[in-house]
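Heads up, the thing below is written out as structure tokens.
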Amino acid sequence: MTLPDSSRMTHSQLQPLPFKCLFTTLSAITAAALLSSAPVHASNFTYNYVEARVPMNPGGIGAAASLRLHPNAYAIFEAESDFDDVWQLKGGLGFNAPLSPFADITGQIKLLSVKNDNYDKSLGRSGSELNLGVSGWVLPQIQAGGTVGVINLDKDFTHVSLFARFHASSAFSFGAEWRIKDVVDHGVMLSARYPF
């Protein structure tokens with residue numbers, strides 16, 4: 001069996017990573033993180049927080065919360081709306097594992113509900129999201145990272161985002177996220193996070 005030469009493939013011939021393959025990979029990584037016998041918090045990131053969000057595109061307001069369930073696992077909830085019958089609601093589980101004393105690898109499995117111009121039924125459209133990311137300290141008070149993944153609604157959407165967060169103190173941080181690819185591409189979101 002010969003594989004096609006990717007240098008001669010057109011953009012339309014390239015296929016996204018299959019949903020089942022990504023799910024299997026993230027499940028294996030999550031299981032490995034949860035079953036590790038020596039949990040480590042080398043990067044000093046907090047996974048217990050509440051967050052106020054302001055999506056800049058298309059606008060609106062949002063909130064998020066995360067609660068650590070295990071040294072390497074946490075529950076997460078996110079909500080955003082522009083109050084004009086448009087929303088994104090997400091909830092699920094995440095894992096974290098240290099890559100170094102200054103960086104974590106993360107992953108999340110979430111159920112979601114999306115309502116917008118494309119999904120305008122009374123309860124929107126439900127689906128799921130799987131993502132994998134990395135987060136690290138780039139300066140003593142600045143954290144940066146990114147995530148990649150897939151969002152499955154009536155079709156698969158690629159998710160790619162980059163973020164930076166300034167930790168003003170142990171009780172407050174300010175962040176910005178650029179959602180390069182998502183259900184709505186090129187969205188920017190600002191946030192204020194309060195760890196507990």
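Model, not experiment: these values are computed from the prediction.
Closest heavy-atom contact between L190 and F174: CD2-CZ, 4.3 Å. Across every non-hydrogen atom of T46 and P195, the tightest pair is CG2-CB, 3.7 Å. For Y74 against Q108, the heavy-atom pair with the smallest separation is OH-NE2, 3.3 Å. Nearest heavy-atom pair across Q141 and A168 is NE2-O, 3.6 Å. Closest approach of N96 and N72 over heavy atoms only: O-ND2, 3.0 Å. Nearest heavy atom pair, residue G62 against residue P55, reads N-CD, 4.2 Å.
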Would you please test R193 and E177 for salt bridge (charged side-chain N to carboxylate O under 4.0 Å, His left out) and show each step?
CA-CA 13 Å; R193 181 175 291 180; E177 179 183 10; over 6 Å; no

Evaluate the ring-ring contact (aromatic ring centres under 6.0 Å, His included) criterion for residues F196 and Y49: first the C-alpha distance (whole Å), next the side-chain angles of each, then the deciding distance (0.1 Å), finally the verdict.
CA-CA 6 Å; F196 60 86; Y49 62 82; 8.0 Å; no

N116 vs V183, test: side-chain contact (heavy atoms from CB on, under 4.5 Å). Steps then yes/no.
CA-CA 10 Å; N116 58 25; V183 175; 3.8 Å; yes

Working note: Q143 + F163, criterion side-chain contact (heavy atoms from CB on, under 4.5 Å); need CA distance, chi angles, decisive distance, verdict.
CA-CA 8 Å; Q143 170 190 359; F163 71 89; 4.0 Å; yes

Taking it one step at a time, do I76 and L67 satisfy side-chain contact (heavy atoms from CB on, under 4.5 Å)?
CA-CA 7 Å; I76 187 162; L67 177 65; over 6 Å; no

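Within the 3.5 Å criterion, the main-chain N or O of R68 finds a donor-acceptor partner in the side chain of N48. Distance alone, capped at 3.5 Å, places no donor-acceptor pair between the S135 side chain and the G145 backbone.
Distance check, rounded to the nearest 0.5 Å: CD of E78 to CG of L89 gives 10.5 Å. To the nearest 0.5 Å, the span separating OG on S126 from CG on L111 amounts to 8.5 Å. From L153, atom CG reaches atom OG of S128 across 8.0 Å, with rounding to the nearest 0.5 Å.
In this structure the side chain of E129 reaches within 4.5 angstrom of the side chain of K90, judged on heavy atoms. Residues I151 and V114 fail the side-chain proximity criterion, which asks for heavy atoms closer than 4.5 Å. Using a 4.5 Å heavy-atom cutoff, the side chains of R165 and H167 are in contact. Between M189 and W178, the closest side-chain pair of non-hydrogen atoms is not below 4.5 Å. At least one side-chain heavy atom of L132 sits less than 4.5 Å from a side-chain heavy atom of I105. Under the 4.5 Å side-chain criterion, counting only non-hydrogen atoms from C-beta, F77 is not in contact with K110.
Considering only residues two or more places apart in sequence or on other chains, D182 meets the side chain to side chain donor-acceptor pair (under 3.5 Å) condition with H159.
Hydrophobic clustering, with ILVMFWY side chains joined whenever heavy atoms are under 4.5 angstrom apart, groups V160 together with L162. Hydrophobic cluster membership is shared by V50 and V54, with clusters built from Ile, Leu, Val, Met, Phe, Trp and Tyr side chains linked at under 4.5 angstrom. Hydrophobic cluster membership differs between F166 and F172, with clusters built from Ile, Leu, Val, Met, Phe, Trp and Tyr side chains linked at under 4.5 angstrom.
If you check the side chains of S191 and R53, you find no donor sitting under 3.5 Å from an acceptor. Side-chain contact, S113 with W87: a donor N or O sits under 3.5 Å from an acceptor N or O. Between the side chains of D104 and Y47, a donor-acceptor pair is found at a separation under 3.5 Å.
Each of I180, T147, V148 was compared with S161 under the side chain to side chain contact (heavy atoms under 4.5 Å, CB included) criterion, and only T147 meets it.
Residue K115 places its NZ atom among more than 12 non-hydrogen atoms of other residues, nucleotides or ligands, all under 6.0 Å distant.
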